[in-house]
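Throughout, a chain's letter reflects where its sequence line sits, starting with A, and its residues are numbered from 1.
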Amino acid sequence: DIQMTQSPASLSASLGETVTIECRASEDIYNGLAWYQQKPGKSPQLLIYNANSLHTGVPSRFSGSGSGTQYSLKINSLQSEDVASYFCQQYYNYRTFGGGTKLELK
Amino acid sequence: EVQLVESGGGLVQPGRSMKLSCAASGFTFSNYGMAWVRQAPTKGLEWVATISYDGSSTYYRDSVKGRFTISRDNAKSTLYLQMNSLRSEDTATYYCTRDYYYDGTYYPLGFAYWGQGTLVTVSS
């Protein structure tokens, strides 16, 4: 099974700051990676698919990059509405989620 | 508008069974693989199972193999999850999600749509 290691587990940042969350796969997942945002009490929402494609309606301050086993999600100019938990997911071989990153405001 | 509406959750005793349903609308159900994802209280997301667009193939995480069965009725645009021999560690909110698109070619696009979730509590 492919394991997904996400870091950091928690993150505190200021409004307007740029934030980066990392995800490492235990083997090459050939860009079969998605990022999700989940706010408390709500269902997750897709942000990025295929490692770097922005899902419909997602603000352009979100971007994804990476290849092979290393991937990252970047949030430019952090907004208050971005406070949430973020999860990566591989779908190259079955499906596996990373452990999540809880993003808070400093 | 795409909608996924789960039902069937609740309190169940360890060792008993429960069946979840997910009614889909707003898209051509038979063109998509579908999946169940769960989230234990205060924990992360955990993929449970995926079923192919036509129901011919199913995939499960190891911890539910042999106990859970994912199925679908394309005529009713409905997804199911039959859960048997339930354990306390199965306690979670269960989400129905839309998986890959298929029209002769396989298009994995992440889980673009999610239901609101249904809570399953396994406790005596």
Side-chain angles (χ1 to χ4, degrees), chain A residues 1-11 21 23 25 29-58 62-64 66 71 73 84-103, chain B residues 1-6 9 22 24 26-27 32-53 57-65 68 70 92-102 105-119:
Chain A
D1 292 5
I2 297 177
Q3 308 302 316
M4 302 300 292
T5 303
Q6 188 172 337
S7 61
S10 62
L11 180 55
I21 299 170
C23 217
I29 56 172
Y30 300 94
N31 282 17
L33 184 106
W35 290 97
Y36 301 88
Q37 176 193 69
Q38 186 180 31
K39 297 183 179 179
K42 300 293 187 182
S43 302
Q45 293 191 308
L46 178 66
L47 299 173
I48 302 287
Y49 64 96
N50 292 348
N52 55 27
S53 296
L54 198 66
H55 181 54
T56 305
V58 175
F62 291 92
S63 64
Y71 298 86
L73 172 71
S85 292
Y86 293 83
F87 297 90
C88 64
Q89 178 210 28
Q90 71 81 19
Y91 47 84
Y92 173 71
N93 187 354
Y94 294 96
R95 280 92 175 97
T96 316
F97 288 94
T101 296
K102 187 172 183 179
L103 175 59
Chain B
E1 179 194 5
V2 171
Q3 285 199 310
L4 299 170
V5 180
E6 303 97 338
C22 170
F27 64 100
Y32 288 87
M34 297 293 294
W36 290 97
V37 174
R38 68 186 180 184
Q39 186 171 35
T42 73
K43 300 296 184 182
L45 301 172
E46 190 172 80
W47 169 75
V48 175
T50 286
I51 187 167
S52 62
Y53 65 100
S57 299
T58 56
Y59 312 88
Y60 300 93
R61 68 178 300 104
D62 286 347
S63 62
V64 307
K65 276 181 192 174
F68 289 13
I70 187 172
T93 295
Y94 284 73
Y95 295 100
C96 166
T97 70
R98 196 179 79 176
D99 202 322
Y100 65 90
Y101 175 73
Y102 184 82
T105 300
Y106 167 72
Y107 295 98
L109 302 169
F111 291 174
Y113 294 94
W114 298 64
Q116 83 286 355
T118 186
L119 178 62

Identify which of P44(A), G100(A), P40(A), G98(A) forms the greatest number of heavy-atom pairs closer than 4.5 Å to chain B.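 Of the candidates given, the most pairs with chain B belong to P44(A).
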Backbone N/O of W35(A) and side chain of Y86(A): donor-acceptor pair under 3.5 Å: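 Not at all, since once roles are kept as given, no pair shorter than 3.5 Å links the two residues.
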I'd like to know if the side chain of R61(B) reaches the main chain of W47(B), judged simply by a donor and an acceptor atom lying under 3.5 Å from each other, with no hydrogens or angles considered.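 Pair found, side chain donor or acceptor close to backbone of W47(B).
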Proximal component of [X], with respect to chain A [non-hydrogen, under 4.5 Å]:
| X | value |
| --- | --- |
| Q39(B) | side chain |
| Y95(B) | side chain |
| Y107(B) | neither |

Which atom of [X] lies closest to which atom of [Y], heavy atoms considered:
| X | Y | value |
| --- | --- | --- |
| K39(A) | Q37(A) | CE-OE1, 3.7 Å |
| Q116(B) | V5(B) | OE1-CA, 3.7 Å |
| G99(A) | Q6(A) | N-OE1, 3.8 Å |

Applying ring pair (Phe, Tyr, Trp, His ring centres under 6.0 Å), name anything that partners F27(B), two or more places apart in sequence or on another chain.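 So F27(B) forms a ring pair (Phe, Tyr, Trp, His ring centres under 6.0 Å) with Y32(B).
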May I ask you to list the residues in residues 89-96 of chain A that approach chain B closer than 4.5 angstrom, counting heavy atoms only, ordered by number?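 Residues in range: Q89(A), Y91(A), Y94(A), R95(A).
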May I ask you to name which of A112(B), G117(B), A35(B) has the most heavy-atom pairs under 4.5 Å with chain A?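 Option with the greatest count: A112(B).
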Give the ring-plane orientation class for Y36(A) versus F97(A), where under 30° counts as parallel, over 60° as perpendicular and anything between as tilted.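 Y36(A) and F97(A): tilted rings.
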Are S52(B) and Y100(B) packed together at the side-chain level, in the sense that at least one heavy-atom pair is separated by less than 4.5 angstrom?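 S52(B) vs Y100(B): side chains touch.
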